[in-house]
Amino acid sequence: MHRRGFLTASLATVLASPRALAQTKMDDMSMPGMGGHAGHDMAAMVQDAVTLPEGQALRALQVLANEADRPGLLRARLTAEPAIARFAEGRDTPILAYNGISPGPLIEAFEGDRVEITFANRIDNEVSTIHWHGMPVPADQDGSPMDPVAAGTERVYAFELPEGSAGSYWYHPHPHGKTAEQVYRGLAGAFVVKAKADPIPAEYGDTVLVFTDLRLAADGSIPSNSMSDLMNGRVGDHVLVNGQKNPRLSVAKGAKRRLRLYNATNARFLKLAFDGATITVIGTDGGLLAAPVAADEILLSPGERLELVASFDRPGPITLDTLGYDRGWMGPGRPADAGLTLLTVDVSENEAEAVPQLPARLRPIAPFADPVLSRRLVLTETMAMKPTGMEMGFLINGKAFDMGRVVARAGEIELWEIVNQADMDHPFHVHGTQFQVVEHERDGAVSKPPYLAWKDTVNVARGETVRLLLRQDRPGQRMYHCHILEHEQLGMMGVLDVMA
Ligand SMILES: [Cu+2]
């Protein structure tokens, strides 16, 4: 360690919070094979000492440039490579970035478009992929762990966006064993598919808010995962919106804003409410609801998205805050998850121009017919002493991830019953399609979801069973897994082999 770095660290240690100290104890327990080593124990100890600037104007995400020479085609390049970010004053942070920025460029396309994106992997000595989270793309274009892109090489991802596929998707790496790290080091971006005829008034705008969370060591570097991170999933110290901490947005009184909220964190559950604005849910992972639904608060588990309309009807600063949510935590170091301000909206005294009302119907959603078969997937956690150290396992039906276990037939409706017998919530994600949640069950009490919606990720709380209907329309291998990325890495993943 450099002398200056050591001095900074020593000073910061004095200021370290009980939480940081708890984290350090956890790291001390870490053993070979669990990713713990002395270098980042020190980093973990001083993690709370770094302050990030707040209150800067919210930056719009940079849109991925379209190089195509004809309408209906999106042709572009995405390069994953090391970059330097400046989150805190005077500190350089080595990150991984798409086209030099994190979050990566916002990809915008329309239903019916063809997409051709050349992906270049310039990450040193690591395979990567781009997974198009939630999108209806062919299996061999989906960037699954079975199709790695070697360091220093390129490939083209090509697919069509079907009619009716408008929605708030995203993209991130999905290489075997490296997904969690590549994402927390900075690789994730939003992919918005727009409808040709959009029922949401254009006057509401369309603002993408990508939530990530960042842990910074005193020297500005991003520490590696500790044992606690591997057990609980990595939760950072700073929740960022489009890469900024608590940025500000200005609107006129009476304004309505369409907001697309993305939980692109590895493992942080976001229970959110506006202090002073009313919210209406208009869409989920796979696009608009049939009708708007008023809400006081929302829960966004890792991987999930929501579309809202927020109404700013009184002047003054209005904040988007986190509320407490107990998703289960093992060991010490449970992060303080309530009372964080993620975004501040300055509502002026000036009255906004009158805007159209939100329509009462948004689009039809046809419920799935009866399933031809049902599957039961039981999620459990194990801990075992291995020659390499204490090892945590995250299992589906008693097994850690292996390839090609489950066979399905394209076009058939299936009922999936996801049973969480573990001590933590697990957000369950299926590749290549959108599903409909039909039932939740807890302690024998069965309830229906508040609305019919297209989803690709659903939180399955501790002790809960979620039933969903899904259909895979295209053949090929499709992953399903927990979207706490450390849990996916430690085994809570399976593959569905879809036959034509
Ligand atoms: Cu999990």
Side-chain angles (χ1 to χ4, degrees), residues 26 34-35 131 133-134 144-145 170 172-174 176-184 188 211-213 225-236 263-271 285 299-305 325-331 333-335 337 375-384 390-402 416-431 435 437 440 442 455-466 468 478-496:
M26 209 63 219
M34 292 301 293
H131 167 53
H133 182 122
S144 82
W170 60 299
H172 62 78
H174 213 312
H176 186 67
K178 278 285 180 186
T179 302
E181 181 176 350
Q182 290 185 3
V183 173
Y184 75 66
F211 299 114
T212 56
D213 68 350
N225 268 344
S226 66
M227 183 180 177
S228 176
D229 294 329
L230 290 171
M231 289 197 296
N232 295 294
R234 181 193 183 92
V235 175
N263 188 338
T265 71
N266 279 37
R268 186 185 280 272
F269 286 66
L270 295 168
K271 192 172 187 183
D285 306 332
L299 177 65
L300 211 54
S301 72
E304 282 187 300
R305 291 88 64 209
Y325 179 74
D326 184 5
R327 47 76 142 208
W329 191 268
M330 302 186 72
R334 185 186 158 189
D337 57 0
R375 302 180 192 277
R376 181 177 160 91
L377 281 73
V378 179
L379 312 181
T380 53
E381 296 152 3
T382 60
M383 204 186 269
M390 189 70 92
E391 212 164 87
M392 188 91 199
F394 294 88
L395 312 178
I396 300 179
N397 291 349
K399 291 180 189 168
F401 174 62
D402 66 71
W416 286 32
E417 185 174 59
I418 321 301
V419 183
N420 186 346
Q421 294 179 352
D423 294 321
M424 285 181 254
D425 288 17
H426 294 288
F428 186 80
H429 170 51
V430 183
H431 285 206
F435 53 72
V437 175
H440 296 262
R442 214 167 184 166
K455 300 273 300 159
D456 56 59
T457 308
V458 61
N459 187 40
V460 188
R462 297 172 286 159
E464 187 186 28
T465 294
V466 171
L468 54 89
R478 299 293 188 176
M479 320 307 295
Y480 55 89
H481 61 88
C482 173
H483 221 281
I484 289 179
L485 296 177
E486 285 75 14
H487 294 174
E488 173 260 329
Q489 180 176 330
L490 291 179
M492 201 174 268
M493 177 157 69
V495 59
L496 187 70

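When a ligand or atom number is given, it counts from 1 through the structure's own listing order. Remember, it's a predicted structure, so these values are computed and weren't measured experimentally.
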Handout entry: Test side-chain hydrogen bond (donor to acceptor under 3.5 Å, both in side chains) applied to His174 and His133, His431, His131, the passing residue
Key =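 For His174, the side-chain hydrogen bond (donor to acceptor under 3.5 Å, both in side chains) check succeeds only for His431.
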
Problem - His487 atom (N/O/S) at minimal separation from the Cu ion (ligand 1) - result: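 Looking only at N, O and S atoms of His487, the one nearest the Cu ion (ligand 1) is named ND1.
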
Practice task
Would you mind naming the N, O or S atom of His426 nearest to the Cu ion (ligand 1)?
Solution key: ND1

Problem - Lys/Arg cation over aromatic Phe269: Arg327, 6.0 Å, 45° cone - result: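 No, Arg327 and Phe269 do not form such a contact.
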
Handout entry: Donor on one side chain, acceptor on other, Asp229 and Tyr184, under 3.5 Å
Key =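 Their side chains do not contain a donor-acceptor pair, so the 3.5 Å distance test is not met.
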
Handout entry: Cys482 near the Cu ion (ligand 1): N/O/S under 2.8 Å
Key = yes

Handout entry: Check ion pair Arg376-Glu417 (N to O, under 4.0 angstrom)
Key = yes

